[in-house]
Amino acid sequence: MKNDIVKSEKKSNITGSSLLIRILVVVGIYALVSALMLTGNMSRSWESLSIRICFNVILALSLNLVVGFLGELSLGHAGFYAVGAYAGSMFAVYTDFPMFVRIIGAVLVGALSAGIAGFLISSSILKLKGDYLAIVTLAFGEIIRSFVKILPGTGGTAGLSGIPAFPSRYVGFTFAYAFVILTLIILKCFINSRHGRAVTAIRDNVISAEMLGININRYKVTVFVIASVLAGVAGVIFSFFKTMIEPNDFSYNLSIEILVMVVIGGMGNLTGSIIAAGVIVVVPELLRALEDYRMLMYAIVLIAVMLINESPKKAQFIERYSPKVLLKKLLRKGEKKSESA
Amino acid sequence: MNLLEIKNLGISFGGLRAVDDFNLTIREGQLYGLIGPNGAGKTTVFNLLTGVYRPTTGKIFLKGQNITGKSSIEINKAGIARTFQNIRLFKNMTVLENVKVGLHNRENYGVISSLLKLPGYRAAERRIEERAMELLQVFSLEEDAHHLASNLPYGKQRKLEIARALASAPTLLLLDEPAAGMNPQETAELMEMIRFVQKKFDVTILLIEHDMKLVLGICEEITVLNFGCLLAQGETASVLKDPRVIKAYLGD
Amino acid sequence: MQVFISTLIDGLNQGSVYALIALGYSMVYGIAKMLNFAHGDVIMVGAYALFVSITQLELPIPVTFLLCVIISATLGFVVEKLAYKPLRKATPIAVLITAIGVSYLLQNIALLVFGSRRKMFTPFLKLGSLKVGGISIPMISFVIIGTMLVIMIGLQLFIKKTKTGIAMLAVSEDKAAAQLMGININRTISITFIIGSALAGIAAILYSAKYMTVDPYTGSLFGIKAFAAAVFGGIGSIPGAMIGGILIGVFEAMTTGYLPGNLTQASDGFAFAILIIMLILKPTGIFGTKRIEKV
Amino acid sequence: SNAEDKNMIIIGGIGPLTGEASTYGVSVKQGAEIAIKEINDAGGVNGIKLKLYFEDDQADGSKAISAYETLMDKGMQILMGAVTSGSSVALNDYVKKDKILQVTPSASQIEAAENPTTFRICFIDPFQGQEMAKYIYNTLGYTKAAIIFNQDDSYSTGMKDAFKDQWAELEGTISAEVSFGKSTTDFGAQMTQIANSDAEFLFMPIYAEKAAQIVLEADKKEVDLPLFGGDGLDGILTYLKGENAKLVEGMTYLTPFIASDEDEAVQSFVSKYEAAYKEKPDQFAADGYDAIYVIAAALKEANVTQPKELDVDALVAAMKKIEVDGLTGKMTFDDDGEPNKPAKFAKIVDGKYVAQ
Amino acid sequence: MLKIENLHVYYGVIEAIKGISFYVNEGEVVSLIGANGAGKTTILHAITGLVPAKKGRVTFGDVNLLKMPAHKIVSWGIAHVPEGRHVFGQLTVYDNLKLGAYTRKDKEEIEDTLSMVYKRFPRLEERKNQLAGTLSGGEQQMLAIGRALMSHPKIILMDEPSMGLSPLYVSEIFDIIKQISESGTTVLLVEQNAKKALSIANRAYVLETGRIVLEGSGSELMNNESVKKAYLGE
Ligand SMILES: Nc1ncnc2c1ncn2[C@@H]1O[C@H](COP(=O)(O)OP(=O)(O)OP(=O)(O)O)[C@@H](O)[C@H]1O
Ligand SMILES: Nc1ncnc2c1ncn2[C@@H]1O[C@H](COP(=O)(O)OP(=O)(O)OP(=O)(O)O)[C@@H](O)[C@H]1O
Ligand SMILES: [Mg+2]
Ligand SMILES: [Mg+2]
């Protein structure tokens, strides 16, 4: 008996042509944005938004690994982000190597520190599941934010200022974009490997996974470490963008905002996370014209998106009008035309 | 040679003695049956064997190695795989991926090598793909390879569970009511399949089943459990004629 | 010693408010299996309703209380119908995000209607305080603790003993099977939200009486605190939510009172650290049992 | 930017209009709007009208950057903002690169006016902390302090740190030091500590709304200490009505602005503000109002006649020359961009703010 | 009594039931048999409103069930023992049974039914305070049947009630079905154990991939060659 519900595109090996398309999209976006920036055709708000989108995309992608693939609700992603941002920018502020070394060093130091934090946290909460884990990650994020206030060198509540800025917007964007791509490659490779499958299996059924010899604890820690390293990198980019960071930049509201991106984009859907991160950053800016009603509208949009996202009609709509389907139709038409010609 | 030895195994839940002083020996290459009334403790024995529960008394040896109280992961690595009475597939993964998860420990490339896409990784992934497809073919599931596991009908889900368990290359395969929810025709096919699998993969099989046709058809020996205790043990046909077994389990 | 006891009482004081809020939250959480981050904002709306009816409409106090509870319950009912019901088949996390949307929505409506500046109540429940051995305890705390206990016991009896209560448990576990029993799922969930939100209304009254203040963001704190309390107490356990709330209050009071010098700046973080340590020691919360999953 | 903007000087405002800090942003915006209207109604600056675009940053630095860029896209020529310190500091680099005149009404953290083109209307946090310490020790003669501060607000921690340093120098002792955070609703434990200390007074470097609640709690705990604080305490009486007003009787704080000041300018501002927004202005509103007048004065001083040709160096030079008699006092600006204006001590007497 | 006309059911885009019509008379035992995935469960789900039907009519007496929300259907006297048992695992056996009688009012009658259920399944009485989730597979199946009986239905739909039961209990279940039927309750039975199902059925239908391919009395089908081959394993 033939069953027609096929989960599309779940193949582990990227076929040649789709790899090419992906490379084209990646290069194309970069070329477009650079061209606009370098010719001065991009408005300033979009220039800065393009960088903000980048580090938010990295945050969303990395959290998606935890929430979407491992299936654990983490409400403390801002904590790892904070560790990366503070460690990285303290390196950049308190050393006087050449600029280039400071930037690279900051990324390494930020990523490493966040990774260590991810390792320590995740290995101490292995016994916790579900909402218990959620509350502990949330608490952890708040602890980081809190302790930053009393640690030496962090600038306390007033924040750490004097972080070197990117020499130009264009450099900043290139830098951030490169890390977005790196993040994507890392996640894709991980997910399509036996390790990625193991992680998804843990999400779907822990007992079965254990029974197949999959080391649950090791994978939980691995996933948290990868996600926190990436969040740490995002933190460093953020601190170079903002040039000053303060504890309030990393409150649990931010963790929730990242979670919103992941869920709206679709759990376990990397492309979705990218788009959603972009949308969540851009929408409030687009709504500026509404003035007082801006955040009200934002809330309404958020609810509406969730309701539409989950409605059965949307599934039908996508079945008919998704870009993939449309592209196929177009190609078919083209073929027919060329045949008839 | 004895593959599995269970000695004085026992466990209680609250006041309930679910399994009590249970002994069982299975030789390599056997197709062994475990039967008994509902609630007799059969599934619990499987759970004890696979580390889901820790026994309160007794010892379990696999190939002479003591595996009592080990974790499920270690037990799987030691060579036991199982299916579940209430099917436990990875529902949001495709049929093929389910089997690939089963192959997890057969290829051992590390996280770093997957991140960097080293050549070893590619070769290993290709082998995994091939093996998984082979396994699906054994169970005639290759056409469903890219379907979501949860969309399969019941019978196919059971087969997929067996395929997935086999993927981890066990020496001992535990099947918990593999024929439940199948009609006689399908059950007959399944019997063939189990026999075939046992030969092809060279595994020893211990199965729980309420379908006596299947038990009689493929199990050389069986053990009957009743209220957690051993009721009878021995060659299948003769055990099934035991009046105590008839009274407690088969009815007339 | 006296300082310690006073601080402990402060903690109980504060914790009892968390506990009161956590009860309603935990009930919705246990039955609808969703983290209703908008619960705190229902309290905020209730408090504004109370504020308007006391200071602007100048209604008799008992009427204002009733109004506050009715408005809160209605709000809970409406929110559930409009925002959560269409998501019955969605994952809990999708509902969580929608709840966050609702929370933003209520906050921003309040911001537009009442402005950003905090409103202060004129005292409307004057109860004075009790003096025991040099420590004075405000009477309102006894009212809060009393109400909390009554609600806790009431909820517990309602859920475990009444037909509707058991129906709620059935719905929370298996909606399809519950329907086969003849249980109206939508109605049951509506009732859950109405009760939960009415409790939010009661919390709003007592909160306002105790702290005499409300602003658009009052509720956002409670969402987190109630969540923490409910989880810490053990998911689904009503007495757990209560104890959880009280303990969190006590942790906070202790870290506020006893951290030396410069560490006081991180008192929030220390309170959370205690919470984490306790949860690592008891991974299913105080009263939580391991969810039994038969293999 | 639309057509009529061409003949106007565009001032951009940045501050929180939504989110937990929104009171501050809203007040500044409203105060500034009144000033803009007054100036434009009177014919503008040298005949040029002013236009204010105000963007929300939710007191979040990176959103402030987006707000800033949006304003730049709209043609912002002078920045009035950001309202909060964190956002202001985050804009430092941008303002430096763009070289525009920045006047922050209320960002009181030192780093917020680091830029050579940035000026500030309000006092810096350390200044207030030091002044209060000196006043309390030298003038009033108290030696044992209790402090309550907000751990999540740099305004509060900045003032507290400066107070403590100064206090140590004066050889005063600290009997109790407690804090609260963003999410604190109950101040019982804090007050217990203070009640059981031998402190002679309570220093509260915090904003009025939290202070009002703390005062209520202090009353319950029978803490009857003299109260002191910075300009944040201004407006506390709007939260404490009726008998509760008695609880802050005698409270002394440092402020540039007192809404009940008999001063004519103040009263005219207050009545316009109340008419427009149905609430009493606080010091943030006054800061916003003054910031606009300071900008106007600088424009006049620099003799700006073409709206689209602002010379920032000339404006900065002008800023250092002008003297503006604002609601928050008569002020001039020094080379660091800091205001020189007299610190007024206000005291609450008989339920009214009285300048000392 | 129960009449299904031209029923079509879809899961997304696939059509699981492709226009099925059949009926069940009062007092009858009617069996549906068919291979895995034929659509038996789906039909029962459509009758009790757990999945929506795209087209067709389902009438019970004079009422059209398709227009009715699932929870109302029970009160017309229709009980459903679902595939996969679906007991409330975190509730006790007793609470599960009580929920079975959710739509009933009369306390005494409920008590009577309860003791009837306990008599049929003594194991349930033994374990009445155990959490249903920890029962063995077969015990859960007993509970699911007992729970359905608690509503004192006019018609009971059973989805593979013998699955996972020991041979002794399988015979017993079929005896119970007979008793249920004799006590006046109509039975619509879905079974893999076709031999037993046909032997107690007044009439039966054979399903293949969403269509009815054969119908007849139990004994007719039992002797039908293709049925013998495909479903009886002979
Ligand atoms: N976690 C548990 N807690 C309490 N009781 C349990 C638990 N697991 C099993 N039991 C009880 O132990 C007994 C044996 O259960 P088990 O599942 O092993 O039976 P079984 O022989 O597999 O029966 P079936 O053939 O019906 O599947 C049952 O009475 C069951 O209720
Ligand atoms: N939720 C679902 N989504 C998609 N397809 C489904 C779903 N449920 C069932 N199906 C498909 O519908 C068809 C009919 O399934 P159904 O469960 O009714 O069969 P059945 O006759 O009861 O089989 P079994 O004997 O295995 O219980 C099958 O092909 C099945 O894969
Ligand atoms: Mg079993
Ligand atoms: Mg079925």
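Here is the naming used below: chain letters follow the sequence lines, and residue numbers restart at 1 for every chain. The figures here come from the full heavy-atom set of this structure, side chains too, leaving out hydrogens, waters and symmetry mates.
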note = On a heavy-atom basis, the closest approach of Gly100(E) and Met181(C) is CA-SD, 3.7 Å

ask   = Is it the case that more than 12 heavy atoms not belonging to Lys81(C) sit under 6.0 Å from its NZ atom?
value = yes

inquiry  = Does Glu126(E), at its CD atom, have more than 12 non-hydrogen atoms belonging to other residues, nucleotides or ligands within less than 6.0 Å?
reply    = yes

request  = Taking the side chain as every heavy atom from C-beta outward, state whether Pro82(E) and Leu180(C) have any pair of such atoms under 4.5 Å apart.
outcome  = yes

message = With a 3.5 Å distance limit and no angle check, can you tell me whether Lys72(E) reaches the backbone of Gly182(C) through a side-chain donor-acceptor pair?
response = no

task = Return yes when atom NZ of Lys3(E) has more than 12 non-hydrogen atoms of other residues, nucleotides or ligands closer than 6.0 Å, and no otherwise.
result = no

note = Heavy atoms of Tyr102(E) and Lys163(C) approach each other most closely as O-NZ, 2.7 Å

ask   = Looking at Lys98(E), Arg85(E), His45(E), Arg147(E), which makes the most heavy-atom pairs under 4.5 Å with chain C?
value = Arg147(E)

inquiry  = Does Lys85(C), at its NZ atom, have more than 12 non-hydrogen atoms belonging to other residues, nucleotides or ligands within less than 6.0 Å?
reply    = no

inquiry  = Is it true that, when you exclude Arg187(C) itself, more than 12 heavy atoms of the residues, nucleotides or ligands shown sit nearer than 6.0 Å to its CZ?
reply    = no

ask   = Taking all non-hydrogen atoms of both residues, which atom of Ile183(C) and which atom of His71(E) are closest, and how far apart?
value = O-CB, 3.0 Å

query = Counting heavy-atom pairs under 4.5 Å to chain C, which of Asp95(E), Thr103(E), Leu99(E) comes out on top?
reply = Leu99(E)

message = Has Gln90(E) got a side-chain atom pairing as donor or acceptor with Glu173(C)'s backbone, closer than 3.5 angstrom?
response = no

inquiry  = Is the shortest side-chain heavy-atom distance between Phe88(E) and Leu169(C) below 4.5 Å?
reply    = no

task = Please flag which part of Leu135(E) lies under 4.5 Å from any non-hydrogen atom of chain C: side chain, backbone, both or neither.
result = backbone

Leading residue by heavy atom contact count with chain C [cutoff under 4.5 Å; candidates Gly89(E), Gly49(E), Ser75(E), Ser151(E)] = Gly89(E)

